[in-house]
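Take a look at the structure set out below.
Just so it is clear: chains get the letters A, B, ... in the order the sequence lines come, proteins before strands, and each one is counted from 1. Quick note: numbers below take in every heavy atom, side chains included, and nothing from hydrogens, waters or symmetry partners.
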Amino acid sequence: MSTPHRRPFRFHIIVFLAPATIVYTLFMIWPLADTLRLSFFDADSAGVRSFVGTENYETLFGDERWSSQFWNAFVNNFIFFAIHMAVQNPIGIMLAALLSMPALRLRNTYRTMLFMPTLLSVVIVGFIWQLILSPIWGVSSSILDAIGLGSWFAPWLGLESSALVTLSLISVWQYVGIPMLLIYAALLAIPDELIDAAHVDGTSGWNIFWKIKLPLILPTIGVISILTFVGNFNAFDLIYAVKGALAGPNFSTDILGTFLYRTFFGQQLQLGDRYMGATVATMMFLIILTGVCLYLFVIQRRMQRYEL
Amino acid sequence: MLKQSIQRGLLVAGASAIALGLSAGTASAQDVTLTIESWRNDDLGIWRDTIIPAFEAQHPNINIEFAPTAPTEYNAALNARLEGGTAGDLITCRPFDAALALYDLGHLAQLNDLEGLNSFSDVAKSAWQTDDGSATFCMPMASVIHGFIYNADAFNELGIEAPETEEEFFAILDVIAEDGGYIPLVMGTADQWESATMGYQNIGPNYWAGEDGRLGLIAGDHAMTDSQFVEPFATLARWSDYLAPGYEAQSYPDSQNLFTLGRGAIYPSGSWEISLFNSQADFEMGAFRPPVQNAGDTCYINDHTDIALGMNAATEHPDEARVFLEWVGSPEFAELYSNSLPGFFSLSNHAISLEDPLAQEFISWREQCEETIRSGHQILSRGTPNLWNEMWGVSANVINGTMTPEEAATQLQDGLASWYEPQQ
């Protein structure tokens, strides 16, 4: 018997890893690192760049004008996130539970229809809802009229009190398909024997959902929550498509994404400031990082998992 | 999910950029293509069908491509493209500080030696010069005049006439509102800039005596909280009773459509709407200038130096770009531009004849009234917070009733004083 060969170096591992590593480094890691670096610089009117330490952060939090805008955007963003958590995810779970009922017919049709808005461009979604809710051309006021609730109609997208909630609900409408599909897949993965055994033991359908299915899909709900969190604190497109970079009325729909855009790229006569923009972007990164870490180290560790 | 869609978008964009690059490479070597950056996407057809063919007929080796961006995105998009080195050869210049900043950063070339500049007055050129007037960096193209456009058929039907004074203005608004057939004033606050541009800057010069008020602010002699700057806000607040229900969510295109569909009576705006309205409205239109306080008062109009053309300092074809800019300063261009875009009045000294009656009405005010430009544009929008941006917000808030005229003026003054020395 010969001694075992040393295995030849497995070059294919590098070959297979390379594309993702290169693309990810080039388009994600490097820009992120450069943004962090940029936030410590500033430029004078001739465009000469100099290192200023934490001055940009001091401006962002110390200057009342900057800080009030930042905290306004932060609070709005949190409301935006809270509405998604309170509306989108429960509805998603409910739809998934309904879809997984064995007695349901035309299941694939419903699934496709419910998922359809997620596939639409956010510009189209914004445009459609602007038209539906428009006080001039929209159908919502005539529908409300038809059922005798005409006086309830208001130009929701134009009022400071309701614009943010309305936009959040539009976003919920668009993305509800994602939690629905993830939960649906998790529900399908629960073995039938488990449910059958519960039936044999005389458990009601209601109890089966709350006591058996829900604990089993909790990890998926956790994943959805963190996806929603990251998605919402990165959100920008819907607000920009509907309200523009000034996120009116009176900045009531301003979230961190639109605040970043305004700062970085400028707005009308205001020129963009890429150094303050990088500062805002870094803060967004830190906020998201904090949220994800909280989830990973506090919530996920305590979550109970069951071997199926 | 969001990330994925962005990644997908990038992929598509990348692929199409490669395709574009390939097709550009096949163009013939001698022919030069110049791209014009502009925010006037409404004018795409006029540039393509009228202006560019007229130039290309004389200069067969220069191709011009007009590539506009939406007005609200123009500055941001242009700055990003200039930084990234992908901007067009010719840059449509916003007046004053926006263009000046681009010049200071070295993005716009100096154009002092262009012959065509001699046919413009100093006032016309001032919007595109350094503060000391030593360098000019854009060839002035046109100004726009603020005012009110009205549905003349509706006015005839209701037996009312264009108002002279503010009292008459609100009197006819009451008549229209009482009749109920038309929306008295067609304007929305959703996009914010209309409230400042078509509202505050439209009626304001009559209160702050045009240049006196504007230059006074720059010199620090007047403050935004002085009564002549607060009163126009108070008048603006009264407008809300005459706007369409739900005006808070009414966008600029909504307003344009409402008026051209004949559902409104008066459209506060400016001469830049004329060509679009001519093509869309099938009723007679008239125009009246911002009403004065008392009959016989001197009237002031906002004749805003709005648009000019400069050269990207990084262009690969500076000679050809200069040829085009010289042509922009010629009488031929002045005539062609003013008539194909009625409402954009050439700033040059060339004698031109205007054919459009509505445009004639607007330009006739230059004889009757004192002229000024928008108060927020020169110097005062250099810092943060930006006075012009803030004017958008507070004007909309005042009309929406979420801010009093005094609060609005105080916010503007505080913002200005926070960085502008003469106001401190």
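Atom CG of residue A:Asn250 and atom CE of residue B:Met403 lie 5.5 Å apart, to the nearest 0.5 angstrom.
No other option in A:Arg274, A:Gln130, A:Lys243, A:Gln69 has as many heavy-atom pairs under 4.5 Å with chain B as A:Arg274. Considering only heavy-atom pairs separated by less than 4.5 Å from chain A, the leading option among B:Asp97, B:Asp254, B:Leu387, B:Thr384 is B:Asp254.
In this structure, chain A has no heavy atom under 4.5 Å from any part of B:Trp39. Of the atoms belonging to A:Trp156, not a single heavy atom falls under 4.5 Å from chain B. Only the side chain of B:Ser418 comes within less than 4.5 Å of a heavy atom of chain A; its backbone N, CA, C and O stay farther away. Of the atoms belonging to B:Leu78, not a single heavy atom falls under 4.5 Å from chain A. Residue B:Arg382: no heavy atom, backbone or side chain, is found under 4.5 Å from chain A. With a 4.5 Å cut-off on non-hydrogen atoms, B:Ile183 does not touch chain A at all. Proximity to chain B is absent for every atom of A:Phe153, based on heavy atoms less than 4.5 angstrom apart.
At least one side-chain heavy atom of B:Glu73 sits under 4.5 Å from a side-chain heavy atom of A:Tyr240. The shortest side-chain heavy-atom distance between A:Trp137 and B:Asn257 falls under the 4.5 Å cut-off. The side-chain heavy atoms of A:Pro249 and B:Asn400, taken from C-beta on, include a pair separated by under 4.5 Å. Contact check for B:Asp414 versus A:Arg65: side-chain heavy atoms found under the 4.5 Å cut-off. Inter-residue side-chain proximity for B:Asn397 and A:Glu160 is flagged as met; some heavy-atom pair is nearer than 4.5 Å. Residues B:Asn79 and A:Phe265 fail the side-chain proximity criterion, which asks for heavy atoms closer than 4.5 Å.
No more than 12 heavy atoms of other residues, nucleotides or ligands shown are found within 6.0 angstrom of CD on B:Glu421.
The two atoms that bring A:Ile136 and B:Gln250 nearest to each other are CD1-CG, 3.3 Å, heavy atoms only. Among all heavy-atom pairs drawn from A:Pro135 and B:Ala249, the shortest one is CD-CB, 4.0 Å. The two residues B:Glu248 and A:Pro155 make their nearest non-hydrogen contact at OE1-CG, 3.3 Å.
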